Amino acid sequence: MTAPLTESSASSLPPHAARPVSRRRALYAGVAAAAAVGGAGLAWWRLQPHAVQEGAAQALWAQAFDTPDGARLAMGPFAGEPLLLNFWATWCPPCVDELPMLNNFYRENKANGWQVVGLAIDQPSSVRKFLARLPLDFPVGLAGLGGSELGRSLGNLTGGLPFTVVFSGDGRVAHRKMGQVTPEDLKTWSALR
């Protein structure tokens with residue numbers, strides 16, 4: 001027969017043997033694990049571009065946006081050459097971080113027919129102030145909330161930024177990316193025509 005477990009003898013046992021796992025703790029652990037898996041799945045889903053709506057590319061080529069300097073930026077002339085279209089905002093740190101890289105991509109590849117357009121999903125005054133500090137060589141359109149709708153039609157259902165769409169020379173969507181662009185992305189895309 002074993003001696004009853006007293007407080008002093010319980011402290012000499014290994015920590016995992018001191019207390020049995022209760023059903024309640026096991027249930028909490030199971031619920032927490034399910035929530036973690038569900039949250040990770042939702043985050044993955046949100047970061048994936050979804051299907052492009054029928055006619056979205058054609059609708060893009062028909063649009064025109066005001067520019068920060070008051071001119072109009074018609075999208076139609078960009079059809080027919082490869083285009084990197086970047087949706088961004090001044091309040092979005094990853095957007096701001098990738099803009100110099102996109103500007104360099106434009107400088108290095110415009111002789112090869114590549115075009116870059118930034119569509120700012122932001123207040124015009126904020127974009128003007130930002131571009132005064134960090135001028136860009138490629139055109140920027142002031143898309144506002146309408147730009148969010150355009151992004152959704154191109155597969156950005158959650159409206160997350162930055163969102164980049166690469167069009168081939170024939171005007172079709174060749175690639176899309178939710179989140180910050182990497183140098184590897186740009187290298188891969190530059191080979192597209």
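Keep in mind it's a predicted model, so treat the numbers as computed, not measured.
- In this structure, the side chains of Gln63 and Phe65 come closer than 4.5 Å at one or more pairs of heavy atoms.
- Outside the 6.0 Å centre-distance limit, the rings of Trp61 and Phe78 are not counted as a close aromatic pair.
- Applying the under-4.5 Å side-chain rule to Ile, Leu, Val, Met, Phe, Trp and Tyr, the cluster around Leu145 consists of that residue alone.
- Counting heavy atoms from C-beta outward, Thr67 and Arg128 have side chains that stay 4.5 Å or more apart.
- Of all non-hydrogen atoms in Pro139 and Leu73, the two that sit nearest each other are CB-CD1, 3.8 Å.
- Phe130 meets the ring pair (Phe, Tyr, Trp, His ring centres under 6.0 Å) test with Trp88; sequence neighbours excluded.
- Both Trp114 and Leu99 sit in one connected hydrophobic cluster of ILVMFWY residues. Membership requires side-chain heavy atoms under 4.5 Å apart, directly or through other members.
- Aromatic ring pairs are classed by plane angle as parallel below 30°, tilted from 30° to 60° and perpendicular above 60°; the pair Phe87 and Phe163 is tilted.
- Of the inter-residue distances, the one linking Met75 atom CE with Gln115 atom CD reads 8.5 Å to the nearest 0.5 angstrom.
- Pro124 and Leu142 get closest at one heavy-atom pair: CB-CD1, 3.9 Å.
- Clustering ILVMFWY residues whenever any of their side-chain heavy atoms sit less than 4.5 angstrom apart, transitively, puts Phe138 in the very cluster that holds Val96.
- Taking CG of Asp137 as the reference point, atom CG of Asn103 lies at 4.0 Å (rounded to 0.5 Å).
- Residues Leu192 and Ala174 share a closest heavy-atom pair of CD1-CB, 4.1 Å.
- Using a 4.5 Å heavy-atom threshold, the side chains of Ser190 and Phe105 count as touching.
- Note that the CG atom of Leu119 and the CG atom of Leu85 stand 4.5 Å from one another [nearest 0.5 Å].
- Here Thr164 contributes atom OG1 and Asn86 contributes atom CG; the two are 4.0 Å apart, rounded to the nearest 0.5 Å.
- Of all non-hydrogen atoms in Ala57 and Leu154, the two that sit nearest each other are N-CD2, 4.5 Å.
- Nearest heavy atom pair, residue Val127 against residue Pro68, reads CG1-CG, 4.0 Å.
- No donor-acceptor distance shorter than 3.5 angstrom exists from the side chain of Asn109 to the backbone of Asn112, with no hydrogens or angles considered.
- Side chain of Asp66 to backbone of Arg72: no donor-acceptor contact under 3.5 angstrom is found.
- Taking 4.5 Å as the limit, every side-chain heavy atom of Val117 sits out of range of all side-chain heavy atoms of Phe167.
- Between the side chains of Asp185 and Thr188, no donor-acceptor pair is found at a separation under 3.5 Å.
- Annotation: side chain of Pro135 is not in contact with side chain of Leu131 (no heavy-atom distance under 4.5 Å).
- Atom CD of Gln180 is separated from atom CD of Glu98 by 5.5 Å, given to the nearest 0.5 angstrom.
- Here the side chains of Leu84 and Val181 are not in contact, with every heavy-atom distance at 4.5 Å or above.
- The residues Lys187 and Glu184 are annotated as not salt-bridged, no charged nitrogen and carboxylate oxygen being separated by less than 4.0 angstrom.
- In this structure, Trp91 and Leu161 have side chains that are in contact, with non-hydrogen atoms separated by less than 4.5 Å.
- His175 places a side-chain heavy atom less than 4.5 Å from the side chain of Trp189.
- Residues Thr182 and Met101 approach most closely at C-SD, 4.0 Å, considering heavy atoms.
- Both Val166 and Leu102 belong to a common hydrophobic cluster when Ile, Leu, Val, Met, Phe, Trp and Tyr are linked at side-chain heavy-atom distances under 4.5 angstrom.
- Annotation: the span from Glu54 atom CD to Ser153 atom OG amounts to 11.5 Å, rounded to 0.5 Å.
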